[in-house]
Amino acid sequence: MKEIIITLFVTCVIDTVCAQTNNAKDSIYKQISLNEVVVNSSAVSHRNGKDIYIPTVKQRELSSNGISLLDKLHLNGLQVNALFNTVSYAGGGNVAYCINGRVVELQDLLSISPDQVAHVEYDENPSARFKGSAVVINFKLRKPLQGGRYMHDIMEAVNTIYGVNHISGSYNYGKSEWKASYNNLFASFKDFYNHSQETYHVGTDSMLTQYESGIPGKLRYDNHWLDLSYNYQVENKWMLNIALRGKYNNQRRVDLNSWLTCNAMAGDSAYLQNHSSQYERTTALDIYLQRTLGHGQNLYFDIIGTYMNTSNSLYYNISGNNINLFSNSNSVKGNKYSLIGEALYEKEFDNDRFTIGMRHTMGLARNDYYGDDFSQNRLHHSDSYIYVEWFHKIKNFNYALGAGLEYVRFKQEKVGYDNISFRPTIRLNYSPCDEINFKYSGNIEKVTPSLAELSNVSQTIDNYQIRRGNPQLHPATDFNNKLTVSYNHRQWSGNINLTYQYRCNPIMENTYLDNGKYIRGFANQNSWQYFNAEYNISSRWLGGIITARATAGVDYFDSRALDYHHSFSNCYASVFFEAAYKCVAFTFNLRTHRPRLYGETLTLGEDLHDIAITYYKKKFTICMAMNNPFMDNYRVGTECWNKKAPNIAHQFVNETSRMVLLKFTCNFGFGKKHNTGEQRLHNEDKDSGVLKTGK
């Protein structure tokens, strides 16, 4: 595996040196019959701090939907897996997706046909409106008239039970569009198990060590998403969009049974039964209105109401010699209601843009905890945020200055807090020439504790540990900085990314001993720091027949608290290789693990790679792939570095190694599709407020 990484990375570097000698310009010509721009080589430009990508003819031919097109564009810092339809950002943080400016979900990109895309806007320095988003990706589609479109993306495993499916359809008539989409993710693995080691220091001299040797069991989940929407638009005047969304996530069964050995137990190993399940159902109604006022002025309104129902359970039992040594059973049933409203005004001038907006969120959560004792938890939460931003452009340089004022209120019975924070932002962008671009962004923001962290509930984990919320928590303060230097050539491109994040008074772990039990709680600690340096390079050979991309980076974390100080650094890499001839392509994708340290917990990450052969036609694709073909087992895990109660836990899913996958994609339209306008606002509530059960 290491030889493969080194070989591909060295090849990319050699090609980079060769590519610098080629000074040919990008080739773009107009196709008269279609009255549109056709690109034969990669075209990247910079506009108002955003990178504008125009897909090439070859990239369109080798793509089946919006996600696979993102994979072919090789956007800076974006990690795309077109096989599993996943997207993540290397620097961390959320990714916001838009279609013609209208914010959508990742699954909505599957309904995009590559020939619909005029260009893709990539914004690594989002404005103050995109609170919590690291990058924004906007697909600009062409403006056909009316008709419909049907699309499905179905992938099933051959040698195990696993599938990722998408079906969507839309129809346009006059000024209206009706759209429906359904997504499904399911699995039923029979070879799921764990290995763990837990150590507990009791007093000054005695130490208790416990080992779990996993027994293969079941991991079953079945998730469904259904979206229905209606769009009505009067061009250059106003647009109304109404969407009803339903999410049903059901982790039916998680078996982590094992043989348990402990130095405090005499005799043979004990039998540990560990069964858990998680269920979450979300229904949301989103009403969006956009009004064009003329003279560069626009108004946007968005209101969304959400109901979330959750139900989690845990059964934990230790027995030996036909005697129950310890038994614990608990469950949580929760209901949450929330309302989010946002308004935005925007005024554009020749070289300037002024934006002012306001968002208000309010929620009520009621959670019932069943276990040793019954407890009911009621949480009231509200968040008001007003922001302004001024954008100005001077030739090849542009900047944006923004400021926000946020008021957060939390109440739980007689305990709560009120917090007012100031959120300044700055974005700088400079392009000395078409090929080189410099970007910097910085902001200060508050990070509020989750409703689960704020709860006053205790949940038994096992015979030694209890998880407990902390109503005395208060928001932390983030200081974020990011610098990007990019170079784009006709045959290759490279990027250097530097990120530094400092969090003051972060909400991190707080472990202490209480009545013979170790309490796993939360507290505002001293500080948390994160530094990342990353280099990306991508190259194309033989007119796009061969494409390669490589990433190398280093992460550094530092967690400080009153009674602990931990630091961790790690190097990581990813490699993508594609060889395509006519309508057949071979791809290889590899990504090494990226551990993350926060508080006293190190999340180990995952090593992934896959190979695939795909046959492309204009309206459909057929793909055969194998996941982790050169790996005997798939492993994830965590390490807790607490000095009183450290532990190491690994979980394995053997069936995901050498998993054979078949994927069939179909995307066709009838008539011509009507443009659905540009929805600029989108909100969603994902915090259920439920304290986690189990380990």
Side-chain angles (χ1 to χ4, degrees), residues 93-94 96 102-105 126-134 136 241-247 280-290 299-310 334-345 355-367 377-389 402-412 415-423 425 443-455 469 471 473-478 507 679-690:
N94 297 324
R102 178 168 54 94
V103 182
V104 297
E105 301 287 343
S127 64
R129 179 173 63 84
F130 289 96
K131 176 185 174 184
S133 296
V136 178
N241 192 85
I242 302 174
L244 180 64
R245 305 187 185 99
K247 296 182 180 181
E280 181 180 294
R281 183 183 65 192
T282 303
T283 304
L285 177 64
D286 187 355
I287 301 175
Y288 173 86
L289 178 65
Q290 173 182 322
L299 277 173
Y300 309 91
F301 300 94
D302 187 28
I303 184 169
I304 180 169
T306 304
Y307 167 71
M308 187 181 302
N309 173 251
T310 57
N335 294 278
K336 183 184 177 183
Y337 306 85
S338 67
L339 184 67
I340 304 174
E342 184 171 8
L344 172 71
Y345 169 79
T355 303
I356 182 170
M358 181 174 67
R359 180 192 300 122
H360 179 72
T361 303
M362 58 188 300
L364 168 64
R366 186 186 69 184
N367 301 316
N377 188 241
R378 289 180 177 269
L379 303 162
H380 299 261
H381 173 262
S382 65
D383 185 338
S384 299
Y385 177 50
I386 183 171
Y387 54 91
V388 295
E389 183 178 83
L405 193 65
E406 185 175 24
Y407 171 70
V408 178
R409 184 173 186 270
F410 163 78
K411 185 178 180 181
Q412 179 180 225
V415 181
Y417 70 81
D418 296 85
N419 183 271
I420 300 177
S421 60
F422 178 64
R423 301 164 57 98
T425 61
N443 71 290
I444 302 174
E445 63 179 345
K446 289 289 186 179
V447 180
T448 59
S450 68
L451 298 183
E453 292 170 336
L454 288 165
S455 67
L473 296 173
H474 57 81
T477 304
D478 262 8
I507 300 166
Q679 178 170 331
R680 299 293 303 277
L681 305 178
H682 176 79
N683 298 287
E684 185 176 7
D685 187 4
K686 298 181 180 180
D687 184 6
S688 66
V690 172

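Between Leu339 and Gly305, the shortest heavy-atom contact is CD1-CA, 4.1 Å. Of all heavy-atom pairs between Phe410 and Pro471, the closest is CE2-O, 4.5 Å. Looking at every heavy atom in both residues, Ala403 comes nearest to Thr425 through N-OG1, 4.4 Å. In this structure, Thr306 and Thr282 approach most closely via the heavy-atom pair CG2-CG2, 3.6 Å. Residues Glu342 and Tyr387 come closest through the heavy atom pair OE2-OH, 2.8 Å.
Counting only heavy atoms from C-beta outward, the side chains of Phe422 and Ile444 never approach each other to under 4.5 Å. No side-chain heavy atom of Leu285 sits less than 4.5 Å from a side-chain heavy atom of Ile303. At least one side-chain heavy atom of Arg245 sits less than 4.5 Å from a side-chain heavy atom of Asp286. Put simply, the side chain of Met308 reaches to within 4.5 Å of the side chain of Glu280, judged on heavy atoms. Annotation: side chain of His381 is in contact with side chain of Val408 (closest heavy-atom distance under 4.5 Å). For the pair Tyr417/Leu454, a side-chain contact is recorded, criterion being any heavy-atom separation below 4.5 Å from C-beta on.
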Would you sort out whether Tyr307 and Asn335 count as a side-chain contact (heavy atoms from CB on, under 4.5 Å), showing the intermediate values? CA-CA 7 Å; Tyr307 167 71; Asn335 294 278; 2.5 Å; yes
Could you walk me through whether Thr448 and Leu473 satisfy the side-chain contact (heavy atoms from CB on, under 4.5 Å) test, starting with their C-alpha distance in whole Å, then the side-chain angles of each, then the deciding distance to 0.1 Å, before giving a yes or no? CA-CA 9 Å; Thr448 59; Leu473 296 173; over 6 Å; no
Go through the steps for Gln290 and Tyr288 under the test side chain to side chain donor-acceptor pair (under 3.5 Å), then give the verdict. CA-CA 7 Å; Gln290 173 182 322; Tyr288 173 86; 3.1 Å; yes
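Remark: Glu406 does not engage Lys446 in a salt bridge, criterion side-chain N to carboxylate O under 4.0 Å.
The backbone N or O of Gly334 sits less than 3.5 Å from a side-chain atom of Asn309, completing a donor-acceptor pair.
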